[in-house]
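Here's the structure, in C-alpha coordinates; my notes come after.
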Amino acid sequence: MSQFLLSLFSGIFIGGAAGFLGSLMLPKRMALAAGPLGHLALPGIALALIYGFDISLGAFPFVILGIILIWVFERRTKLPTEALTAVVFATGVAIAFFFLPIEQAEAALVGDISSIQLNDAVFSIILCIIIFFVVKEIYSKMTLINISEDLAKSQKIDVEKYNLVYLLLIALIVALGVKVVGGLLTAAIVAIPAVTSRNLAKTIAQYKFLALSFGILSSAFGIFLSQLTMLPAGPLIIVSSAFLFLISITLKR
Amino acid sequence: MLNVGLKMENVILSVENLNVKLNGEAVLIDLSFDVDEGDVLAILGPNGAGKTTLLKALLGIIPYEGVIKWRKGIKIGYVPQRLPFIRDVPLSVKEFFHLENAPENEIKEILKSIGLEKEILKKKIGDLSSGQFQRILIGWALASDPHVLLFDEPLAGIDIGGQESVYNLLERLKEEKNLTILFVIHELSIVYRLANKVLCVNKRMLCSGVPKEKLTSEAISNLYAGQVKFYQHKHKGQESL
(Lines give C-alpha, C1' and ligand atoms only; values in the text may rest on other atoms or scores of the structure.)
Protein backbone atom coordinates (compact mmCIF):
# COMPACT_ATOMS: atom_id res chain seq x y z
CA MET A 1 0.00 0.00 0.00
CA SER A 2 1.33 3.44 -0.81
CA GLN A 3 2.64 5.62 1.96
CA PHE A 4 -0.01 8.19 1.14
CA LEU A 5 -2.93 5.76 1.60
CA LEU A 6 -1.35 4.41 4.78
CA SER A 7 -1.20 7.86 6.33
CA LEU A 8 -4.64 8.77 4.98
CA PHE A 9 -6.34 5.75 6.55
CA SER A 10 -4.52 6.14 9.87
CA GLY A 11 -5.34 9.84 9.93
CA ILE A 12 -9.00 9.27 9.15
CA PHE A 13 -9.42 6.67 11.90
CA ILE A 14 -7.56 8.67 14.53
CA GLY A 15 -9.32 11.91 13.55
CA GLY A 16 -12.73 10.23 13.63
CA ALA A 17 -12.16 8.56 17.00
CA ALA A 18 -10.79 11.82 18.44
CA GLY A 19 -13.80 13.80 17.20
CA PHE A 20 -16.22 11.22 18.57
CA LEU A 21 -14.59 11.05 22.00
CA GLY A 22 -14.15 14.84 21.93
CA SER A 23 -17.93 15.27 21.72
CA LEU A 24 -18.14 13.51 25.08
CA MET A 25 -15.33 15.64 26.52
CA LEU A 26 -16.68 19.03 25.52
CA PRO A 27 -19.57 19.43 28.00
CA LYS A 28 -17.35 19.40 31.07
CA ARG A 29 -14.53 21.42 29.49
CA MET A 30 -12.47 18.22 29.32
CA ALA A 31 -11.65 18.73 25.65
CA LEU A 32 -9.10 21.36 26.65
CA ALA A 33 -7.41 18.91 29.01
CA ALA A 34 -6.25 16.96 25.96
CA GLY A 35 -3.87 19.87 25.23
CA PRO A 36 -1.84 19.68 28.43
CA LEU A 37 -1.89 15.90 28.25
CA GLY A 38 -0.42 16.06 24.75
CA HIS A 39 2.32 18.40 26.00
CA LEU A 40 2.97 15.99 28.82
CA ALA A 41 3.52 13.24 26.34
CA LEU A 42 6.48 15.10 24.83
CA PRO A 43 9.21 13.45 26.95
CA GLY A 44 7.80 10.07 25.91
CA ILE A 45 7.67 11.16 22.27
CA ALA A 46 11.29 12.34 22.52
CA LEU A 47 12.37 8.97 23.91
CA ALA A 48 10.48 7.17 21.13
CA LEU A 49 12.21 9.30 18.49
CA ILE A 50 15.65 8.73 20.01
CA TYR A 51 15.26 4.96 20.31
CA GLY A 52 13.18 4.55 17.18
CA PHE A 53 9.94 3.04 18.50
CA ASP A 54 6.34 4.08 17.90
CA ILE A 55 5.70 7.54 19.37
CA SER A 56 2.26 6.55 20.64
CA LEU A 57 3.91 3.86 22.74
CA GLY A 58 6.27 6.47 24.11
CA ALA A 59 3.49 8.96 24.75
CA PHE A 60 0.98 6.65 26.47
CA PRO A 61 2.80 5.99 29.79
CA PHE A 62 3.58 9.69 30.14
CA VAL A 63 -0.05 10.66 29.58
CA ILE A 64 -1.15 8.12 32.19
CA LEU A 65 1.54 9.41 34.57
CA GLY A 66 0.28 12.96 33.97
CA ILE A 67 -3.33 12.02 34.70
CA ILE A 68 -2.30 10.25 37.90
CA LEU A 69 -0.13 13.19 39.02
CA ILE A 70 -2.90 15.72 38.40
CA TRP A 71 -5.35 13.49 40.26
CA VAL A 72 -2.99 13.04 43.25
CA PHE A 73 -2.15 16.76 43.42
CA GLU A 74 -5.82 17.62 43.21
CA ARG A 75 -6.66 15.41 46.16
CA ARG A 76 -3.76 16.72 48.22
CA THR A 77 -4.04 20.44 47.53
CA LYS A 78 -7.66 21.11 46.55
CA LEU A 79 -6.28 23.56 43.97
CA PRO A 80 -8.26 23.90 40.73
CA THR A 81 -7.46 21.24 38.13
CA GLU A 82 -6.46 23.85 35.53
CA ALA A 83 -3.78 25.30 37.81
CA LEU A 84 -2.32 21.88 38.56
CA THR A 85 -2.51 20.91 34.92
CA ALA A 86 -0.44 24.00 34.09
CA VAL A 87 2.24 22.94 36.57
CA VAL A 88 2.38 19.39 35.28
CA PHE A 89 2.26 20.07 31.56
CA ALA A 90 4.81 22.90 31.54
CA THR A 91 7.19 20.61 33.41
CA GLY A 92 6.59 17.91 30.82
CA VAL A 93 7.47 20.24 27.95
CA ALA A 94 10.53 21.55 29.79
CA ILE A 95 11.87 18.07 30.47
CA ALA A 96 11.29 17.01 26.87
CA PHE A 97 13.52 19.82 25.63
CA PHE A 98 16.52 18.49 27.58
CA PHE A 99 16.83 15.53 25.26
CA LEU A 100 14.48 16.01 22.29
CA PRO A 101 16.66 15.60 19.17
CA ILE A 102 16.31 19.02 17.58
CA GLU A 103 16.23 17.72 13.98
CA GLN A 104 13.15 15.68 14.91
CA ALA A 105 11.47 18.41 16.91
CA GLU A 106 8.89 19.02 14.18
CA ALA A 107 7.63 15.42 14.30
CA ALA A 108 7.34 15.63 18.07
CA LEU A 109 5.61 18.99 18.17
CA VAL A 110 3.21 18.88 15.21
CA GLY A 111 3.17 15.20 14.26
CA ASP A 112 4.36 13.16 11.32
CA ILE A 113 1.57 10.94 10.05
CA SER A 114 2.93 10.97 6.49
CA SER A 115 5.82 8.69 7.42
CA ILE A 116 3.76 6.16 9.42
CA GLN A 117 4.83 2.51 9.03
CA LEU A 118 2.46 -0.34 8.18
CA ASN A 119 2.65 -1.95 11.64
CA ASP A 120 1.95 1.32 13.42
CA ALA A 121 -0.90 2.07 11.05
CA VAL A 122 -2.61 -1.29 11.59
CA PHE A 123 -2.12 -1.04 15.35
CA SER A 124 -3.53 2.51 15.41
CA ILE A 125 -6.55 1.63 13.28
CA ILE A 126 -7.43 -1.36 15.49
CA LEU A 127 -7.11 0.80 18.60
CA CYS A 128 -9.33 3.46 17.04
CA ILE A 129 -12.01 0.90 16.25
CA ILE A 130 -11.89 -0.30 19.87
CA ILE A 131 -12.06 3.29 21.13
CA PHE A 132 -15.04 3.97 18.86
CA PHE A 133 -17.03 1.01 20.18
CA VAL A 134 -16.18 1.65 23.82
CA VAL A 135 -17.18 5.32 23.48
CA LYS A 136 -20.41 4.25 21.79
CA GLU A 137 -21.07 1.84 24.64
CA ILE A 138 -20.52 4.35 27.45
CA TYR A 139 -21.97 7.38 25.65
CA SER A 140 -25.38 7.69 27.27
CA LYS A 141 -24.18 6.82 30.78
CA MET A 142 -21.27 9.28 30.45
CA THR A 143 -23.64 11.96 29.16
CA LEU A 144 -25.74 11.50 32.27
CA ILE A 145 -22.60 11.64 34.43
CA ASN A 146 -21.55 14.82 32.61
CA ILE A 147 -24.96 16.34 33.32
CA SER A 148 -25.03 15.36 36.98
CA GLU A 149 -23.00 12.80 38.90
CA ASP A 150 -25.67 12.78 41.61
CA LEU A 151 -28.41 11.98 39.14
CA ALA A 152 -26.24 9.24 37.61
CA LYS A 153 -25.53 7.78 41.04
CA SER A 154 -29.23 7.86 41.88
CA GLN A 155 -29.68 5.63 38.81
CA LYS A 156 -27.18 3.20 40.37
CA ILE A 157 -24.53 3.97 37.76
CA ASP A 158 -21.00 3.17 38.94
CA VAL A 159 -19.63 6.66 38.28
CA GLU A 160 -16.07 5.86 39.39
CA LYS A 161 -15.84 2.93 36.97
CA TYR A 162 -17.15 4.97 34.03
CA ASN A 163 -14.82 7.86 34.82
CA LEU A 164 -11.87 5.49 34.88
CA VAL A 165 -12.75 3.98 31.50
CA TYR A 166 -13.29 7.50 30.17
CA LEU A 167 -9.88 8.71 31.39
CA LEU A 168 -8.19 5.67 29.85
CA LEU A 169 -9.89 6.45 26.54
CA ILE A 170 -8.64 10.03 26.76
CA ALA A 171 -5.10 8.82 27.45
CA LEU A 172 -5.32 6.48 24.45
CA ILE A 173 -6.65 9.10 22.08
CA VAL A 174 -3.99 11.58 23.17
CA ALA A 175 -1.28 8.95 22.63
CA LEU A 176 -2.66 8.20 19.15
CA GLY A 177 -3.30 11.88 18.43
CA VAL A 178 0.33 12.88 18.93
CA LYS A 179 1.16 10.71 15.94
CA VAL A 180 -1.08 12.83 13.74
CA VAL A 181 -0.84 16.34 15.15
CA GLY A 182 2.09 16.15 17.59
CA GLY A 183 2.31 17.04 21.25
CA LEU A 184 1.30 20.65 20.71
CA LEU A 185 -1.98 20.26 18.85
CA THR A 186 -3.82 17.35 20.49
CA ALA A 187 -6.42 19.62 22.10
CA ALA A 188 -7.40 20.73 18.62
CA ILE A 189 -8.20 17.29 17.19
CA VAL A 190 -10.54 16.46 20.05
CA ALA A 191 -12.00 19.91 20.63
CA ILE A 192 -12.54 21.53 17.21
CA PRO A 193 -14.72 18.83 15.57
CA ALA A 194 -16.83 18.73 18.75
CA VAL A 195 -17.37 22.50 18.93
CA THR A 196 -18.10 22.66 15.20
CA SER A 197 -20.68 19.93 15.66
CA ARG A 198 -22.08 21.70 18.73
CA ASN A 199 -22.75 24.75 16.55
CA LEU A 200 -24.95 22.76 14.21
CA ALA A 201 -26.49 19.88 16.16
CA LYS A 202 -29.98 20.00 17.61
CA THR A 203 -29.95 16.53 19.10
CA ILE A 204 -27.29 14.40 20.66
CA ALA A 205 -27.57 11.91 17.79
CA GLN A 206 -26.65 14.66 15.30
CA TYR A 207 -23.97 15.95 17.63
CA LYS A 208 -22.19 12.59 17.85
CA PHE A 209 -22.45 11.94 14.14
CA LEU A 210 -21.22 15.37 13.10
CA ALA A 211 -18.28 15.36 15.54
CA LEU A 212 -17.16 12.02 14.12
CA SER A 213 -17.64 13.24 10.54
CA PHE A 214 -15.79 16.52 11.07
CA GLY A 215 -12.93 14.61 12.69
CA ILE A 216 -12.71 12.34 9.64
CA LEU A 217 -13.13 15.15 7.10
CA SER A 218 -10.51 17.46 8.57
CA SER A 219 -7.96 14.64 8.78
CA ALA A 220 -8.65 13.66 5.18
CA PHE A 221 -8.44 17.28 3.96
CA GLY A 222 -5.25 17.92 5.93
CA ILE A 223 -3.50 14.83 4.62
CA PHE A 224 -4.56 15.56 1.01
CA LEU A 225 -3.35 19.14 1.33
CA SER A 226 -0.09 17.93 2.80
CA GLN A 227 0.40 15.69 -0.22
CA LEU A 228 -0.18 18.65 -2.54
CA THR A 229 1.79 21.30 -0.69
CA MET A 230 4.49 19.21 1.03
CA LEU A 231 3.69 21.14 4.22
CA PRO A 232 3.35 19.06 7.45
CA ALA A 233 -0.02 17.26 7.74
CA GLY A 234 -0.67 17.97 11.46
CA PRO A 235 -1.04 21.74 11.19
CA LEU A 236 -2.97 21.36 7.90
CA ILE A 237 -5.46 19.04 9.63
CA ILE A 238 -6.00 21.60 12.38
CA VAL A 239 -6.37 24.44 9.87
CA SER A 240 -8.90 22.37 7.89
CA SER A 241 -10.78 21.68 11.09
CA ALA A 242 -10.75 25.36 12.00
CA PHE A 243 -12.06 26.16 8.50
CA LEU A 244 -15.00 23.79 9.04
CA PHE A 245 -15.59 25.53 12.35
CA LEU A 246 -15.76 28.92 10.62
CA ILE A 247 -18.29 27.55 8.13
CA SER A 248 -20.36 26.20 11.03
CA ILE A 249 -20.49 29.66 12.58
CA THR A 250 -21.93 31.13 9.39
CA LEU A 251 -24.51 28.32 9.24
CA LYS A 252 -25.50 28.65 12.88
CA ARG A 253 -28.74 30.51 13.24
CA MET B 1 -55.06 7.53 59.91
CA LEU B 2 -54.47 3.91 60.92
CA ASN B 3 -54.36 2.45 64.37
CA VAL B 4 -51.12 2.24 66.30
CA GLY B 5 -50.61 -1.46 65.66
CA LEU B 6 -50.51 -0.95 61.91
CA LYS B 7 -48.38 2.12 62.14
CA MET B 8 -45.03 0.35 62.23
CA GLU B 9 -45.88 -1.58 59.06
CA ASN B 10 -46.67 1.64 57.35
CA VAL B 11 -43.15 3.00 57.84
CA ILE B 12 -41.37 3.32 54.50
CA LEU B 13 -38.19 4.98 55.74
CA SER B 14 -36.58 4.93 59.12
CA VAL B 15 -33.55 7.08 59.95
CA GLU B 16 -31.62 6.68 63.19
CA ASN B 17 -28.71 8.73 64.44
CA LEU B 18 -27.70 9.87 61.00
CA ASN B 19 -24.39 11.72 60.92
CA VAL B 20 -22.74 13.07 57.78
CA LYS B 21 -19.33 14.68 57.52
CA LEU B 22 -18.10 16.46 54.41
CA ASN B 23 -14.37 17.28 54.27
CA GLY B 24 -14.10 16.57 57.98
CA GLU B 25 -16.87 19.00 58.91
CA ALA B 26 -20.09 17.75 60.50
CA VAL B 27 -22.95 18.68 58.16
CA LEU B 28 -25.68 16.55 59.72
CA ILE B 29 -25.66 15.60 63.39
CA ASP B 30 -27.70 12.86 64.97
CA LEU B 31 -30.85 12.96 62.85
CA SER B 32 -33.62 10.46 63.63
CA PHE B 33 -37.05 10.37 62.00
CA ASP B 34 -39.55 8.07 60.31
CA VAL B 35 -41.53 8.52 57.11
CA ASP B 36 -44.78 6.63 56.51
CA GLU B 37 -46.06 5.47 53.16
CA GLY B 38 -47.99 8.27 51.46
CA ASP B 39 -46.43 10.97 53.60
CA VAL B 40 -45.49 14.32 52.13
CA LEU B 41 -42.53 15.44 54.19
CA ALA B 42 -41.24 18.99 53.84
CA ILE B 43 -37.62 19.50 54.83
CA LEU B 44 -37.06 23.05 56.01
CA GLY B 45 -33.91 24.87 56.99
CA PRO B 46 -31.67 27.83 56.19
CA ASN B 47 -29.01 27.77 53.46
CA GLY B 48 -26.14 25.47 54.35
CA ALA B 49 -28.27 23.55 56.87
CA GLY B 50 -27.54 20.23 55.19
CA LYS B 51 -30.89 19.69 53.46
CA THR B 52 -29.47 18.64 50.09
CA THR B 53 -26.88 16.53 51.94
CA LEU B 54 -29.73 14.79 53.74
CA LEU B 55 -31.40 13.90 50.44
CA LYS B 56 -28.10 12.58 49.07
CA ALA B 57 -27.55 10.46 52.18
CA LEU B 58 -31.09 9.08 51.84
CA LEU B 59 -30.27 8.20 48.22
CA GLY B 60 -27.11 6.46 49.41
CA ILE B 61 -24.85 8.46 47.10
CA ILE B 62 -22.65 9.96 49.84
CA PRO B 63 -21.01 8.24 52.83
CA TYR B 64 -22.76 8.51 56.20
CA GLU B 65 -22.85 7.06 59.70
CA GLY B 66 -25.98 5.78 61.38
CA VAL B 67 -28.92 3.86 60.02
CA ILE B 68 -31.00 4.66 56.93
CA LYS B 69 -33.52 1.90 56.41
CA TRP B 70 -35.85 1.94 53.40
CA ARG B 71 -38.60 -0.64 53.14
CA LYS B 72 -37.43 -3.55 50.98
CA GLY B 73 -37.92 -3.18 47.24
CA ILE B 74 -38.65 0.53 47.36
CA LYS B 75 -37.77 2.48 44.21
CA ILE B 76 -36.71 6.08 44.65
CA GLY B 77 -36.93 8.86 42.08
CA TYR B 78 -34.68 11.88 42.56
CA VAL B 79 -35.21 15.38 41.24
CA PRO B 80 -32.03 17.41 41.81
CA GLN B 81 -31.98 21.10 42.52
CA ARG B 82 -30.11 22.26 39.45
CA LEU B 83 -28.50 20.74 36.40
CA PRO B 84 -26.18 23.51 35.24
CA PHE B 85 -24.31 21.32 32.75
CA ILE B 86 -27.36 20.05 30.90
CA ARG B 87 -27.43 23.08 28.61
CA ASP B 88 -23.90 22.23 27.45
CA VAL B 89 -25.23 19.12 25.73
CA PRO B 90 -27.44 19.42 22.64
CA LEU B 91 -30.08 17.12 24.05
CA SER B 92 -33.67 16.76 22.93
CA VAL B 93 -36.32 15.96 25.53
CA LYS B 94 -36.76 12.53 23.99
CA GLU B 95 -33.04 11.81 24.21
CA PHE B 96 -33.04 12.93 27.82
CA PHE B 97 -35.63 10.23 28.59
CA HIS B 98 -33.60 7.71 26.61
CA LEU B 99 -30.62 8.31 28.92
CA GLU B 100 -32.44 6.18 31.46
CA ASN B 101 -33.81 3.72 28.88
CA ALA B 102 -37.42 4.75 29.33
CA PRO B 103 -39.62 2.86 26.80
CA GLU B 104 -41.53 4.93 24.21
CA ASN B 105 -45.05 4.15 25.41
CA GLU B 106 -44.05 4.90 29.00
CA ILE B 107 -42.62 8.27 27.96
CA LYS B 108 -45.99 9.16 26.43
CA GLU B 109 -47.80 8.14 29.62
CA ILE B 110 -45.43 10.24 31.68
CA LEU B 111 -45.88 13.29 29.46
CA LYS B 112 -49.59 12.98 29.96
CA SER B 113 -49.24 12.78 33.73
CA ILE B 114 -46.95 15.83 33.88
CA GLY B 115 -49.32 17.75 31.65
CA LEU B 116 -47.13 18.21 28.56
CA GLU B 117 -47.89 17.51 24.89
CA LYS B 118 -45.84 14.92 23.04
CA GLU B 119 -44.59 17.62 20.64
CA ILE B 120 -42.23 18.68 23.43
CA LEU B 121 -40.16 15.53 22.86
CA LYS B 122 -38.58 17.13 19.79
CA LYS B 123 -37.59 20.28 21.62
CA LYS B 124 -34.07 20.93 22.84
CA ILE B 125 -33.72 20.87 26.63
CA GLY B 126 -31.97 24.23 26.38
CA ASP B 127 -35.05 25.80 24.75
CA LEU B 128 -37.51 24.86 27.52
CA SER B 129 -38.90 27.35 30.02
CA SER B 130 -37.88 26.82 33.63
CA GLY B 131 -41.35 25.50 34.48
CA GLN B 132 -41.35 23.06 31.55
CA PHE B 133 -37.86 21.92 32.44
CA GLN B 134 -38.87 21.27 36.04
CA ARG B 135 -41.83 19.18 34.82
CA ILE B 136 -39.53 17.21 32.56
CA LEU B 137 -37.22 16.55 35.51
CA ILE B 138 -40.17 15.30 37.53
CA GLY B 139 -41.23 13.16 34.59
CA TRP B 140 -37.71 11.80 34.32
CA ALA B 141 -37.76 10.78 37.97
CA LEU B 142 -41.17 9.16 37.43
CA ALA B 143 -39.91 7.06 34.51
CA SER B 144 -38.40 4.47 36.85
CA ASP B 145 -41.89 4.09 38.36
CA PRO B 146 -40.77 5.05 41.88
CA HIS B 147 -42.64 4.67 45.16
CA VAL B 148 -40.86 7.66 46.65
CA LEU B 149 -39.83 11.01 45.15
CA LEU B 150 -36.96 12.98 46.64
CA PHE B 151 -37.23 16.53 45.52
CA ASP B 152 -34.64 19.28 46.02
CA GLU B 153 -36.33 22.69 45.92
CA PRO B 154 -38.96 21.98 43.27
CA LEU B 155 -39.93 25.62 42.90
CA ALA B 156 -36.53 27.33 42.93
CA GLY B 157 -35.91 29.55 39.91
CA ILE B 158 -39.42 29.16 38.49
CA ASP B 159 -41.68 32.14 37.88
CA ILE B 160 -44.90 32.44 39.91
CA GLY B 161 -47.18 30.95 37.24
CA GLY B 162 -44.81 28.03 36.78
CA GLN B 163 -44.60 27.51 40.54
CA GLU B 164 -48.34 27.16 40.86
CA SER B 165 -48.48 24.61 38.06
CA VAL B 166 -45.60 22.54 39.45
CA TYR B 167 -47.28 22.65 42.83
CA ASN B 168 -50.59 21.45 41.33
CA LEU B 169 -48.72 18.72 39.51
CA LEU B 170 -47.13 17.46 42.73
CA GLU B 171 -50.47 17.44 44.48
CA ARG B 172 -52.09 15.52 41.63
CA LEU B 173 -49.24 12.99 41.34
CA LYS B 174 -49.44 12.31 45.02
CA GLU B 175 -53.14 11.54 44.70
CA GLU B 176 -52.92 9.49 41.50
CA LYS B 177 -49.80 7.46 42.16
CA ASN B 178 -49.92 7.30 45.93
CA LEU B 179 -46.37 8.63 46.01
CA THR B 180 -44.44 9.30 49.15
CA ILE B 181 -42.73 12.64 48.67
CA LEU B 182 -39.80 14.13 50.55
CA PHE B 183 -38.99 17.64 49.46
CA VAL B 184 -36.66 20.45 50.40
CA ILE B 185 -38.49 23.75 50.22
CA HIS B 186 -38.31 27.40 51.25
CA GLU B 187 -41.89 28.48 50.53
CA LEU B 188 -43.78 28.08 53.81
CA SER B 189 -47.16 28.50 52.11
CA ILE B 190 -46.46 25.35 50.08
CA VAL B 191 -45.49 23.46 53.22
CA TYR B 192 -48.89 24.16 54.76
CA ARG B 193 -50.75 23.29 51.56
CA LEU B 194 -48.92 20.14 50.52
CA ALA B 195 -47.08 18.56 53.44
CA ASN B 196 -48.53 16.47 56.23
CA LYS B 197 -45.17 16.31 58.00
CA VAL B 198 -42.32 18.71 58.42
CA LEU B 199 -38.70 18.25 59.40
CA CYS B 200 -36.74 21.32 60.45
CA VAL B 201 -33.02 20.87 59.99
CA ASN B 202 -30.09 23.07 60.77
CA LYS B 203 -27.35 20.46 60.97
CA ARG B 204 -29.37 19.01 63.86
CA MET B 205 -33.05 18.24 63.85
CA LEU B 206 -34.90 21.20 65.34
CA CYS B 207 -38.49 20.10 64.92
CA SER B 208 -40.52 17.33 63.39
CA GLY B 209 -44.23 16.61 63.17
CA VAL B 210 -47.40 18.09 61.71
CA PRO B 211 -46.67 21.48 60.08
CA LYS B 212 -49.55 23.40 61.67
CA GLU B 213 -48.53 22.23 65.14
CA LYS B 214 -44.79 22.36 64.83
CA LEU B 215 -44.21 25.42 62.68
CA THR B 216 -44.82 28.01 65.35
CA SER B 217 -43.25 31.39 64.86
CA GLU B 218 -40.73 30.52 67.58
CA ALA B 219 -39.81 27.33 65.82
CA ILE B 220 -39.34 29.14 62.53
CA SER B 221 -37.29 31.93 63.98
CA ASN B 222 -35.22 29.41 65.88
CA LEU B 223 -34.66 27.44 62.72
CA TYR B 224 -33.61 30.35 60.62
CA ALA B 225 -31.76 31.99 63.54
CA GLY B 226 -32.05 35.59 62.48
CA GLN B 227 -32.61 35.00 58.77
CA VAL B 228 -36.37 35.53 58.85
CA LYS B 229 -36.67 39.12 60.01
CA PHE B 230 -40.44 39.10 59.63
CA TYR B 231 -40.86 36.74 62.55
CA GLN B 232 -38.12 38.10 64.70
CA HIS B 233 -39.78 41.25 65.92
CA LYS B 234 -42.40 39.16 67.72
CA HIS B 235 -40.16 36.68 69.43
CA LYS B 236 -36.53 36.55 70.31
CA GLY B 237 -36.55 32.89 69.43
CA GLN B 238 -33.72 32.08 71.80
CA GLU B 239 -35.43 29.29 73.70
CA SER B 240 -34.69 25.87 72.41
CA LEU B 241 -37.42 23.51 71.31
Side-chain angles (χ1 to χ4, degrees), chain A residues 22-32 74-78 136-163 191 193-212 214 248 251-253, chain B residues 22-24 52-63 70 74-102 121-127 133 136-138 140-146 148-152 182 184:
Chain A
S23 70
L24 206 47
M25 294 165 70
L26 193 63
K28 265 192 156 176
R29 322 299 193 255
M30 275 298 282
L32 295 176
E74 204 175 15
R75 296 200 69 150
R76 292 217 109 174
T77 63
K78 307 265 174 235
K136 195 164 173 279
E137 186 62 32
I138 67 170
Y139 210 101
S140 55
K141 299 271 194 300
M142 270 320 292
T143 300
L144 190 55
I145 293 170
N146 279 343
I147 291 171
S148 161
E149 289 204 358
D150 289 338
L151 204 57
K153 284 181 188 164
S154 80
Q155 294 283 311
K156 308 273 181 263
I157 293 171
D158 188 345
V159 172
E160 305 287 321
K161 188 182 90 187
Y162 276 91
N163 274 334
V195 290
T196 307
S197 167
R198 183 77 178 79
N199 273 341
L200 302 173
K202 291 199 173 56
T203 64
I204 206 151
Q206 292 173 359
Y207 173 61
K208 284 195 272 196
F209 175 74
L210 288 176
L212 175 76
F214 290 141
S248 77
L251 294 177
K252 190 183 179 183
R253 277 174 299 156
Chain B
L22 292 180
N23 301 321
T52 298
T53 306
L54 173 59
L55 290 189
K56 288 183 187 177
L58 294 178
L59 278 166
I61 61 177
I62 53 167
W70 288 98
I74 286 293
K75 276 192 276 182
I76 308 167
Y78 172 51
V79 186
Q81 190 176 2
R82 277 189 305 263
L83 292 176
F85 290 112
I86 199 164
R87 281 158 210 272
D88 290 346
V89 186
L91 199 61
S92 71
V93 172
K94 190 176 184 176
E95 287 173 325
F96 185 48
F97 278 105
H98 284 168
L99 289 184
E100 64 166 341
N101 303 320
L121 287 174
K122 291 189 205 113
K123 274 202 166 184
K124 264 173 81 168
I125 291 278
D127 294 341
F133 181 56
I136 293 292
L137 278 184
I138 298 171
W140 203 85
L142 290 174
S144 56
D145 204 12
V148 183
L149 263 192
L150 299 191
F151 219 138
D152 202 351
L182 280 69
V184 169

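Quick note on labels: first sequence line is chain A, next is B, and so on, each numbered from 1.
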Supply the atom-to-atom distance B:His98 NE2 to A:Leu144 CG, rounded to the nearest 0.5 angstrom. 14.0 Å
Pairwise distance CG(A:Leu151) to CG(B:Leu137) - rounded to 0.5 angstrom: 7.5 Å
Using 0.5 Å steps for rounding, measure from the CD1 atom of B:Ile61 to the CD atom of A:Gln155. 11.0 Å
Applying a strict 4.5 Å limit to non-hydrogen atoms, the region of A:Ala152 in contact with chain B is neither
Atom CG of B:Asp88 and atom OG1 of A:Thr143: how far apart are they, to the nearest 0.5 Å? 12.0 Å
Report, as yes or no, whether the 6.0 Å neighbourhood of atom NZ on B:Lys94 holds more than 12 heavy atoms from other residues, nucleotides or ligands. no
If you look at every heavy atom in B:Phe85 and A:Pro27, which pair is closest and at what distance? CD2-O, 4.1 Å
Given that the side chain runs from C-beta out, which part of A:Asp150 has a heavy atom under 4.5 Å from chain B: side chain, backbone, both or neither? both
When rounded to the nearest 0.5 Å, the distance separating CG of A:Asn146 from CG of B:Leu91 is 11.0 Å
Pairwise distance OG(A:Ser154) to NZ(B:Lys56) - rounded to 0.5 angstrom: 11.0 Å
Give the minimum heavy-atom separation between B:Leu59 and A:Lys156, together with the two atoms involved. O-NZ, 4.5 Å
Residues, nucleotides or ligands: over 12 heavy atoms within 6.0 Å of A:Phe209 CZ: no
Would the number of heavy atoms belonging to other residues, nucleotides or ligands and lying under 6.0 Å from CD of A:Glu137 be above 12? no
For A:Thr203, is there any backbone N or O sitting under 3.5 Å from a side-chain donor or acceptor partner on B:Glu95? no
Answer whether the closest heavy-atom distance between the side chains of A:Arg198 and B:Pro90 falls below 4.5 Å. yes
